[in-house]
Amino acid sequence: MVSFVCNYCQATLKKPKLDQHAQRCYNATFSCIDCNTDFTGDSYRQHTACMTEEQKYKNKMAAKNAKKPAATPAAVVPKSTVDQLKEKQSQATSDVAPTETVTKKRKHEKSDESAASPKEEKKSKEEKKSKDKSAKGQAASSWDDSELSATPAGALTNAITFVCENEPGVAFADLKKKCVKMVTKHPKCTFSKSDVKDEFAAAVLAALSEGNVALAKC
């Protein structure tokens, strides 16, 4: 609730008491304690609210800060020549230190690589040899009951070579039936029978061009 002060007798009153005080104190005029507004006659009746507690606190703090003298910046003391030389030396040391650390790390890594055990070197050589053998086995064109070429033509070429080597003089029609059956019945065959038949003529030419099959034998 808003509080007032009587400008004549300096009494502090709440708003409901103002009318009664005005009848007793004939020369009374009132001022709001919060906003310091002066009121004449009964104009104080319209003054129902003014500043909040937060606004009063901010105004007090602003007035308090305005009274404080501005802080003067500290004087900059010039550095001596000795101090400047020490700073440069420390900076140079910090720049060199990371480079030395990286160099030591690289030397350590090289020593670890060169210190590989003979067993590991032997193992890596054996793995390389096995990979080379596997690659050569994949490159060879021969019929295998457990493996099949990735294309119908490749599978047919291997089948034709196999049949002609084991059955010299086989008729062309019989050769086609046997090779198509070998490829389509293979456990790993994913080709359709029609695709295999369509590729047979090209596979015969491929087998002949490789020299693995003699035309007279087919």
Side-chain angles (χ1 to χ4, degrees), residues 76 79 81-218:
V76 179
K79 294 181 181 180
T81 306
V82 177
D83 292 337
Q84 292 178 6
L85 290 173
K86 286 182 179 179
E87 285 184 359
K88 288 182 180 179
Q89 187 176 1
S90 63
Q91 289 177 358
T93 305
S94 62
D95 292 339
V96 172
T99 306
E100 291 178 351
T101 304
V102 172
T103 306
K104 289 180 180 179
K105 186 177 180 181
R106 289 178 180 173
K107 288 182 179 178
H108 183 67
E109 289 175 353
K110 287 182 179 179
S111 63
D112 290 342
E113 291 176 358
S114 61
S117 63
K119 290 184 179 179
E120 290 179 353
E121 291 180 359
K122 186 177 180 181
K123 186 178 179 181
S124 62
K125 288 181 181 179
E126 290 177 353
E127 288 178 353
K128 187 177 180 182
K129 285 182 181 179
S130 63
K131 287 181 180 178
D132 293 340
K133 287 182 180 179
S134 177
K136 288 180 181 178
Q138 291 177 357
S141 57
S142 60
W143 181 257
D144 191 342
D145 291 335
S146 59
E147 298 294 333
L148 190 66
S149 177
T151 61
L156 281 168
T157 302
N158 296 339
I160 291 167
T161 303
F162 178 79
V163 172
C164 288
E165 287 178 351
N166 290 277
E167 299 181 31
V170 63
F172 183 84
D174 292 337
L175 177 66
K176 182 175 182 180
K177 288 180 182 178
K178 289 184 178 183
C179 293
V180 170
K181 185 177 180 180
M182 286 173 64
V183 173
T184 54
K185 296 295 182 180
H186 195 281
K188 293 191 176 181
C189 178
T190 57
F191 322 125
S192 65
K193 192 171 184 179
S194 60
D195 290 341
V196 176
K197 287 182 178 180
D198 293 341
E199 294 290 335
F200 182 75
V204 171
L205 293 175
L208 291 171
S209 64
E210 290 177 1
N212 296 327
V213 178
L215 184 60
K217 294 181 180 181
C218 294

Tell me the closest heavy-atom pair linking [X] and [Y], and the distance in Å.
| X | Y | result |
| --- | --- | --- |
| Phe191 | Ala155 | CE1-CB, 4.3 Å |
| Glu199 | Ala153 | OE1-CB, 3.8 Å |
| Thr184 | Val196 | CG2-CG2, 4.0 Å |

Separation of [Y] [atom2] from [X] [atom1] (nearest 0.5 Å):
| X | Y | atom1 | atom2 | answer |
| --- | --- | --- | --- | --- |
| Asp144 | Asn158 | CG | CG | 9.5 Å |
| Lys181 | His186 | NZ | NE2 | 14.5 Å |
| Asp198 | Leu156 | CG | CG | 10.5 Å |
| Cys179 | Lys197 | SG | NZ | 13.5 Å |

### Query
Checking side-chain contact (heavy atoms from CB on, under 4.5 Å) for the pair Val163/Met182: CA distance, chi angles, key distance, verdict?
CA-CA 10 Å; Val163 172; Met182 286 173 64; 3.6 Å; yes
### Whether Phe162 and Trp143 hold their rings parallel, tilted or perpendicular, with breakpoints at 30° and 60°
tilted
